[in-house]
Amino acid sequence: EAQVTQNPRYLITVTGKKLTVTCSQNMNHEYMSWYRQDPGLGLRQIYYSMNVEVTDKGDVPEGYKVSRKEKRNFPLILESPSPNQTSLYFCASRHTNTGELFFGEGSRLTVL
Amino acid sequence: KNQVEQSPQSLIILEGKNCTLQCNYTVSPFSNLRWYKQDTGRGPVSLTIMTFSENTKSNGRYTATLDADTKQSSLHITASQLSDSASYICVVSATYGDMRFGAGTRLTVKP
């Protein structure tokens with residue numbers, strides 16, 4: 001089954017404790033991206049990657065890092081989480097021809 | 001500045017009724033517009049895509065329209081069902097790849 005898998009789905013952490021949210025897709029898509037979703041603001045892009053070893057900032061990259069060492073994986077790293085990073089995070093990959101985005105199930109992060 | 005605005009922000013209708021959601025955009029040069037449905041606690045899923053040459057496209061009880069001249073799109077839901085309760089997100093892509101997301105419309109269908 002074609003899918004985007006994120007882990008963990010839920011996480012509660014404390015300020016300053018580094019964490020990584022993993023994302024993996026099995027559709028061989030070149031483009032992958034991370035979004036955060038906050039009430040009233042909709043989906044905002046954090047980082048995206050056009051292909052392996054190619055990453056770029058989205059609209060709200062501050063406080064986040066990413067890497068793309070393999071085509072299927074695109075982890076999101078919070079080096080020193082802060083409470084304003086409490087949010088619902090989505091990873092997505094994009095079909096090369098149709099442009100359709102395929103989203104993961106989301107990761108709800110709470111930073112205390 | 002490329003932007004996408006959706007209205008209304010939220011909507012409550014009775015089961016069986018029809019409704020129309022709006023999406024206005026300033027994205028240029030325009031490539032395509034997609035409507036996504038996001039169930040609570042899930043990731044968005046594509047409903048339909050509209051390209052420059054398309055005015056209307058249907059997907060079951062969902063019908064999307066596009067007016068490229070006025071830069072407006074609508075999503076019409078016919079004979080609503082409880083399972084239509086979700087957020088509906090309009091995403092507009094420019095030809096050079098930039099994607100802009102609307103904030104979404106939260107639809108609640110009540111029995």
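Residue numbering restarts at 1 for every chain, and letters A, B, ... go by the order of the sequence lines. Everything numeric here is computed off the predicted structure, so don't read it as measured data.
A salt bridge is defined here as a Lys NZ or Arg NE, NH1 or NH2 lying under 4.0 Å from an Asp or Glu carboxylate O, and A:E53 with A:K69 fails to meet this definition. Under the 4.0 Å criterion applied to side-chain N and carboxylate O atoms, A:D56 and A:R68 are not assigned as salt-bridge partners. With respect to the salt-bridge test (charged N to carboxylate O, under 4.0 angstrom), the residues B:R42 and A:E105 qualify.
The ring of B:Y36 has its center no closer than 6.0 angstrom to the ring center of B:F101. Checked against a 6.0 Å centroid threshold, the rings of B:Y62 and B:H76 do not count as neighbours. In this structure, B:Y25 has its ring center under 6.0 Å from that of B:F30.
For A:S33, no part lies under 4.5 angstrom from a heavy atom of chain B. There is no contact between A:Y48 and chain B, counting heavy-atom distances below 4.5 Å. Using a 4.5 Å cut-off between heavy atoms, A:F102 does not touch chain B at all. Residue A:Q37 touches chain B through its side chain alone, counting heavy-atom pairs closer than 4.5 Å.
The greatest number of non-hydrogen atom pairs below 4.5 Å with chain A, out of B:G104, B:G102, B:P44, B:A103, is found for B:P44. Note: B:M99 leads B:M99, B:Q9, B:R106, B:Q6 in heavy-atom pairs under 4.5 Å with chain A. The most heavy-atom pairs under 4.5 Å with chain B, out of A:R9, A:R94, A:M50, A:R108, come from A:R94.
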